[in-house]
Amino acid sequence: MLRMSTLFLRTLREDPSDAEVPSHRLLVRGGYIRRAAPGGYTWLPLGWIVYRNVERIVREEMDAAGFQEVHFPALLPREPYETSNRWTEYGDNLFRLKDRRGNDFLLAPTHEEMFTLLVKDLYSSYKDLPLHIYQIQTKFRDEARPRAGLLRGREFVMKDSYSFDIDDEGLQRSYELHRDAYIKTFDRLGLPYVIVSAMSGAMGGSASEEFLAPIDVGEDTFVRCTNCDYAANTEAVRVRPPDPIAIGDLPASRVVDTPETPTIQTLVDLINARSDLRHPDRDWTAADTLKNVIVKLKHPDGTTSALAVGLPGDREVDLKRLEAQVSPAEVGVFEPEDFAKNPALVKGYIGPGSLGENNSSGIAFLVDPRVVEGSAWITGADTPGHHVMHLTMGRDFTPDGVIEAAEIHGGDPCPNCGAALEIARGIEIGHIFQLGRRYANALGLTVLDQNGKQQVVTMGSYGIGVSRAVAAIAETGYDDKGLCWPREISPADVHIVVTGKPTDPTGPAAEELAAALEVAGLRVLLDDRIGVSPGVKFNDAELLGVPTIVVVGKGLANATFEVKDRKSGNRTDVPVGEAVAHLLDVCR
RNA sequence: CGGAAUGUGGCGCAGCUUGGUAGCGCACCUGCUUUGGGAGCAGGGGGUCGGAGGUUCAAAUCCUCUCAUUCCGACCA
């Protein structure tokens, strides 16, 4: 039994000034966590109970799926990460340190290498596969900007699992197995989620999905269809291209004099104002123009190259989407001195005439999927003060390829069904993906197949942010009074509030109830503090967020307890004699 | 890494412009009263004002440097 009189807890009446998001604010105010370092939090007794409840559910679901738990050190030597090239690729996000002999170590940000090596160490036959192993471990990432309390820390707990299969079909089955296990886990945690297709990013590999809890304070942007079940991370959205247009007798392209039109808007205004250029049926819009943006790609080997992206003028380049396409290269700004080095580029009037590997600039020219064969555009004429109209793809220019780099707008058509997409934010609570053979290849994980031949093992990698899930759960269930935990997560089933004078019979009655509930198997938090006013106790109970609150007070004169549901606020007077049965009913 | 803000008892803040005994609310301790929605009265403990250097008879306050934190952006399995 938890007793408020002795619990290591101090609730705060006011919000801490450094906490912005609700979960962070309420977890600190309610005495669940305390900040110990930037991006690092101490779990206080109530918080630790909540954390362990989440961890237990995750573990039970992994075990139920037949996965086996192992546990690695967080402190690891450099070599395996050197071999997989992540000692370099992880960059500044890796916590690095040296031992007394000057050898390099790291605090693991994730454990693909170690799992791969462990399996290599023990297994050597296809008969041993498939294998699914996991751990629940503290991870370290030197985030440039930790924020939002537990949502993005530099030290956090993650459940990471790995699957090992002999072939792609096996990997697919392992992936599905994990997907199902994740669905069960998040359902049990009471977390709402959307499964979105995602990019695999720096991890390498192919198929990848994220579980996002749709919450506005989340850092991930995703789209979902208002009609069908399509959902995707914005990086992973594939634009639905329009049908190609027969070129036939489309108007010939024509260069027009457009002085003082360095921006899309000034250009559109000018051509709409000129009778000889006006569209016969409607006004021209920014979407009729083709904007050509030059970026600089920084490759991992240190070299740079230029890339031109052509996209409808009503859209900006979405850097995240672009980077996901060009990864592992990074995207940088094409500086004025870069322009100076390439005289074929006329700033403000760049067009397909100069772009492309075989044209004057020599810069690779990739276009948005909306730029289909037969589509006609108003775009730069590569001469100062001039644009070209009716420039038609497939007739007047041919780009080097297609790239998904334009920003996604709410209302864009769904790639599946064509209905409108909506944009939402979410917290990434889980990520599953098919790693493939990257790590197995790098670290030499092979097994003998039926024919006695060495085969490289294919892997899947699956993560749940356990400490982040605590915050996400807090984030999905709170109100202006405080937290509201799902029962299985809550630090207790019942929070008993005792009111009245110390000499009143309420104290002993509450003790008796608490003891009886414990015997019945319920977890009890008893506010037995003496001399604390009822208002303080009520407010603390609501702040702490135990799902069922029992008030032992005035009603006792009529032999009743008051039972309150934290979430709905509904109150019921229950006769003392029926209280245990009633509460068991409520809590089970 | 760019932009902005903030560092004063456990928490929230004032004081800084115009240098002169470090203050308020909450929390904490003692006593009495109070006890169904963050009680009252009285008394009390706790802070070298983020750090270093400088100016000055005198620095929380002015100057320089520095560190840290938070927010926005960039970055991020």
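In this text, all values refer to a predicted model and were calculated from it rather than measured experimentally. Residue numbers begin at 1 in each chain, while the letters A, B, ... track the order of the sequences.
Annotation: A/Glu176, atom CD; neighbour count of heavy atoms from other residues, nucleotides and ligands within 6.0 Å is above 12. Within a 6.0 Å sphere centred on CD of A/Glu69, other residues, nucleotides and ligands contribute more than 12 heavy atoms.
Looking at residues two or more places apart in sequence or on another chain, you find a side-chain contact (heavy atoms from CB on, under 4.5 Å) between A/Glu55 and A/Tyr51, A/Arg59, A/Ile136, A/Val466. In terms of the side-chain contact (heavy atoms from CB on, under 4.5 Å) criterion, residue partners of A/Ala231 (sequence neighbours excluded) are, by chain and number, A/Val194, A/Val196, A/Arg224. Scored by the ring-ring contact (aromatic ring centres under 6.0 Å, His included) test, A/Phe211 finds A/Tyr182, A/Phe186, A/Tyr193 as partners (sequence neighbours excluded). Applying the side-chain hydrogen bond (donor to acceptor under 3.5 Å, both in side chains) test to A/Lys139 and every residue at least two apart in sequence or in another chain returns A/His111, A/Asp160.
With both pairing distances under 3.5 Å, B/C49 is matched to nothing as a Watson-Crick or G-U wobble pair. Pairing partner, B/C1: B/G73, with both Watson-Crick or wobble hydrogen-bond distances short of 3.5 Å. Checking B/C32 for Watson-Crick or G-U wobble geometry (two distances, each under 3.5 Å) identifies B/G40 as its partner. If you check B/C11 for Watson-Crick or wobble pairing at under 3.5 angstrom, you find it paired to B/G25. Across all strands shown, B/A68 forms a Watson-Crick or G-U wobble pair with B/U6, both key distances being under 3.5 Å. For B/C16, there is no paired nucleotide, since no Watson-Crick or G-U wobble pair has both relevant distances below 3.5 Å.
As rounded to the nearest Å, B/U17 and B/G10 have P atoms that lie 26 Å from one another. For the C1' atoms, the distance from B/A22 to B/G15 is 8 Å, rounded to whole Å. The same atom, P, is picked in B/A42 and in B/C26; the two are 13 Å apart, to the nearest Å. Separating the C1' atom of B/G19 from that of B/U30 is a span of 39 Å, rounded to the nearest Å. Look at the C1' atom in both B/G46 and B/C41: the space between them is 23 Å, to the nearest Å. For B/C16 and B/G7, the P atoms lie 13 Å apart once the distance is rounded to whole Å. Taking the C1' atom of each, B/C75 and B/C13 are spaced 34 Å apart, rounded to whole Å. Taking atom C1' in both B/U69 and B/C29, the straight-line distance is 32 Å, to the nearest Å.
Rounded to whole Å, atom P of B/A74 lies 13 Å from atom CZ of A/Arg152. With rounding to whole Å, A/Asp480 atom CG is found 18 Å from B/G37 atom P. Rounding to whole angstrom units, NZ of residue A/Lys481 and C1' of B/G37 are separated by 10 Å. B/G36 atom C1' lies 17 Å from atom CD1 of A/Ile496, rounded to whole Å. A/Leu9 places its CG atom 14 Å from the C1' atom of B/C11, with the value rounded to the nearest Å. In this structure, CG of A/Leu543 is placed 17 Å from P of B/C11, rounded to the nearest angstrom. Summarising the geometry, the separation between CZ on A/Arg154 and P on B/C76 is reported as 17 Å, rounded to the nearest angstrom. Rounded to an integer number of Å, the gap from A/Phe538 CZ to B/G36 P is 8 Å.
The side chain of A/Lys554 lies closest to B/G36 when the candidates are B/G36, B/G38, B/G37. Relative to the side chain of A/Val551, the nucleotides B/G12, B/G37, B/G36 differ in distance, and B/G36 lies closest. In this structure, the nucleotide among B/G12, B/G37, B/A39 sitting nearest to the side chain of A/Ser533 is B/A39. Out of B/U35, B/U69, B/G36, the shortest distance to the side chain of A/Arg571 is found at B/G36.
Side-chain rings of A/Tyr32 and A/Trp485 approach one another, their centers coming within less than 6.0 Å. Less than 6.0 angstrom separates the ring centroid of A/Phe72 from the ring centroid of A/Phe115.
A donor and an acceptor atom never sit less than 3.5 Å apart when one is taken from the side chain of A/Arg529 and the other from the base of B/G38. In terms of polar N and O atoms assigned as donor or acceptor, the side chain of A/Asp15 never comes within less than 3.5 Å of the base of B/G12 in a complementary pairing. No hydrogens or angles were tested; on distance alone, nothing pairs the side chain of A/Lys564 with the base of B/G36 as donor and acceptor under 3.5 Å.
Between B/G36 and A/Thr499, no contact under 4.0 Å exists linking OP1 or OP2 to a side-chain N or O.
For the pair A/Lys159 and A/Phe67, the cation-pi criterion (under 6.0 Å, within 45° of the ring axis) is not fulfilled.
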Between the protein and nucleotides 24-30 of chain B, which nitrogen or oxygen pairs are less than 3.5 angstrom apart?
{"residue": "B/G25", "atom": "N2", "partner": "A/Glu14", "partner atom": "OE1", "Å": "3.2"}
{"residue": "B/A27", "atom": "OP1", "partner": "A/Arg13", "partner atom": "NH2", "Å": "3.4"}

Is there any protein nitrogen or oxygen under 3.5 Å from a nitrogen or oxygen in nucleotides 4-10 of chain B, and what are the pairs?
none

- Task: Evaluate the side-chain contact (heavy atoms from CB on, under 4.5 Å) criterion for residues A/Tyr162 and A/Ser461: first the C-alpha distance (whole Å), next the side-chain angles of each, then the deciding distance (0.1 Å), finally the verdict.
- Result: CA-CA 5 Å; A/Tyr162 303 85; A/Ser461 160; 3.8 Å; yes

- Task: Evaluate the side chain to side chain donor-acceptor pair (under 3.5 Å) criterion for residues A/Thr221 and A/Arg425: first the C-alpha distance (whole Å), next the side-chain angles of each, then the deciding distance (0.1 Å), finally the verdict.
- Result: CA-CA 5 Å; A/Thr221 307; A/Arg425 306 267 289 174; 3.2 Å; yes

- Query: Going through the checks in order, is the side chain to side chain donor-acceptor pair (under 3.5 Å) test met by A/Ser161 and A/His132?
  - Reply: CA-CA 7 Å; A/Ser161 341; A/His132 306 99; over 6 Å; no

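Of the two residues near RNA chain B, A/Gly463 and A/Glu542, the one whose nearest nucleotide lies more 5' is A/Glu542. Nearer the 5' end of RNA chain B, as judged by each residue's closest nucleotide, is the contact made by A/His24, out of A/His24 and A/Lys139.
Contacts of A/Gly430 with the nucleic acid, taken as non-hydrogen atoms under 4.0 Å apart, are absent. Among the atoms of the strands shown, base atoms are found under 4.0 Å from some heavy atom of A/Glu562. Residue A/Asp504 is out of contact with every strand shown, counting any heavy-atom pair closer than 4.0 Å.
Ring orientation note: the planes of A/Tyr41 and A/His24 are nearly perpendicular, at an angle over 60° on the 30°/60° scale.
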